[in-house]
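What follows is a short report on a single structure.
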Amino acid sequence: MRGRVSTRAVVLGGLAVALVLAGVVSRFASSEPDGLTKVSEDHGFAGAGKQHDGLVAYGGMSGLVGAVVVLAIVAVAVHLLRRRRATEDSEPEREPESV
Amino acid sequence: MHVPDGFLDAPTSVATGVVAAVGIGIALRGARRELDDRTAPLAGLVATFVFATQMLNFPVASGTSGHLLGGALAAVLVGPSTGLLCMAVVFLVQCLLFADGGITALGTNISLMGIVTVVVGWAVFRGAQAVLPKRVSMVAPAAAAAALVSVPVASMVFVALYAAGGTVDIPLGQLTTAMVGVHTLIGIGEAAITFLAVGSIVAVRPDLVYGARRVLAARTLQIRESVR
């Protein structure tokens, strides 16, 4: 196919966008309460909410850390799910992807 | 719409926990069918993009912000089962690492912002595809429509959960109006982001987009027939 962008380029380009959003653009996000938080404040049930301690505090590099952790978990899960599928189907010929 | 600990009582939280567990179980089976050489590379990207974009709160009304939920986006890009797994990982990491969403509310958040937006988003997307012309250019608009509807529906499901097990007694009519009102506005932002994200990938590699497959298959058949 003419000038087809490779799967690798799409994924790496998309990840670059996501990491810039998490690491840089997120600093300019609105700090106003979100929809549910605001409604809970206006309607008198915000006080029922309890905050627990996270392992990492939001801010600084935390967006990047979280994004990388999410990516790692999903990559491992996809690998395991596909390996199981391959053993169960035991199909010898799989269409090779022309990347 | 991240629900903290304490908004919903224990029985409701346990019930949504069961719903989330069953949903993830079904998604694990379904994802093995969806994950082929095209969807598998995209799954990590979708989860990372949803996580990143959920940090980007945009202003919606006076003193209120909203962010992408992402269920419709994930379902269209990688399929509803894989999409739900991506969403569940995002909520797990947000809850454990960043205390965004309560620990006892993790099942609620996966059900509300994961299962509801994925299922509603996928249903609206398929409905829109049935009505709209069978063209690749219609995939992003159909995804945007799915995103637009998914957010207020999720807010209605929150109200239903609150009606069942809210810890503070408040008038439910006012809660419904407030929740659906603000989340309809957030839904417009959700639709815009979903349109851009799905549209970008459809523009370069429509074959990688799970929701575009039927249209692409139909197109190939038409070309073959006209060649004959």
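Every chain is numbered from 1, with letters handed out A, B, ... down the list of sequences.
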Proximity breakdown for B:T177 and chain A, heavy-atom pairs closer than 4.5 Å: neither

Residue pair A:R82 / B:D37, side-chain heavy-atom distance below 4.5 Å: yes

Where B:L45 and A:L71 come nearest, the two heavy atoms and their spacing: N-CD1, 4.4 Å

Heavy-atom proximity to chain A below 4.5 Å, by part of B:I186: side chain

Shortest non-hydrogen contact between A:K50 and B:P4, atoms and distance: O-CB, 4.1 Å

Contact check, side chains of A:D34 and B:T64, non-hydrogen atoms, under 4.5 Å: no

Passing option when B:T48 is tested against A:L15, A:V69, A:V68 for side chain to side chain contact (heavy atoms under 4.5 Å, CB included): A:L15

Exercise: do A:T7 and B:R205 side chains pair donor with acceptor under 3.5 Å: yes

From B:Q54 atom CD to A:S26 atom OG, the distance as rounded to the nearest 0.5 Å: 13.0 Å

Under 4.5 Å from a heavy atom of chain B, the part of A:V10 involved: both

Contacting moiety of B:L85, where chain A heavy atoms sit under 4.5 Å: side chain

Proximal component of B:V3, with respect to chain A [non-hydrogen, under 4.5 Å]: both

Test log, rule side-chain contact (heavy atoms from CB on, under 4.5 Å), inputs B:H2 and A:L36: CA-CA 7 Å; B:H2 289 71; A:L36 175 60; over 6 Å; no

Side-chain heavy atoms of A:K38 within contact of B:V182, under 4.5 Å: no

Heavy-atom contact with chain B under 4.5 Å, split by part of A:A72: neither

Extract all donor-acceptor atom pairs below 3.5 Å that involve side chains of residues 191-201 of chain B and protein atoms in other chains or at least two apart in sequence.
unit_1	atom_1	unit_2	atom_2	d
B:T194	OG1	B:E190	O	2.7
B:S200	OG	B:L196	O	2.5

A:V74 to B:C86 - nearest heavy-atom pair and separation: CG1-SG, 4.4 Å

Pairs where residues 81-92 of chain B contributes a residue and the test side-chain hydrogen bond (donor to acceptor under 3.5 Å, both in side chains) is met, not counting sequence neighbours: B:E34-B:T82

Per-residue contact mode, A:A67 against chain B (heavy atom under 4.5 angstrom): both

Approximate separation, where rounding is to 0.5 Å, of A:T37 OG1 and B:M1 CE: 10.5 Å

Among A:A75, A:G13, A:G66, residue most engaged with chain B (heavy-atom pairs, under 4.5 Å): A:G66

Residue-level contacts of residues 102-110 of chain B with chain A, using a heavy-atom cutoff under 4.5 Å: B:G102, B:I103

CZ on A:F28 to CG on B:N57, rounded to 0.5 Å: 15.0 Å

Least distance between heavy atoms, B:M55 atom then A:A29 atom: O-CB, 3.4 Å

Heavy-atom contact with chain A under 4.5 Å, split by part of B:V60: neither

Note, A:H52 side chain near B:C95 side chain (heavy atom, < 4.5 Å): yes

Could you go through residues 164-175 of chain B and list every donor-acceptor pair under 3.5 Å that involves a side-chain atom there, pairing it with any protein atom two or more places apart or in another chain?
unit_1	atom_1	unit_2	atom_2	d
B:T167	OG1	B:G6	O	2.7
B:T167	OG1	B:F7	O	3.1

B:F49, part contacting chain A, at a heavy-atom distance under 4.5 Å: both

Minimum heavy-atom distance between A:A18 and B:A52, given as atom pair plus value: O-CB, 3.2 Å

From A:L21 atom CG to B:F51 atom CZ, the distance as rounded to the nearest 0.5 Å: 12.0 Å

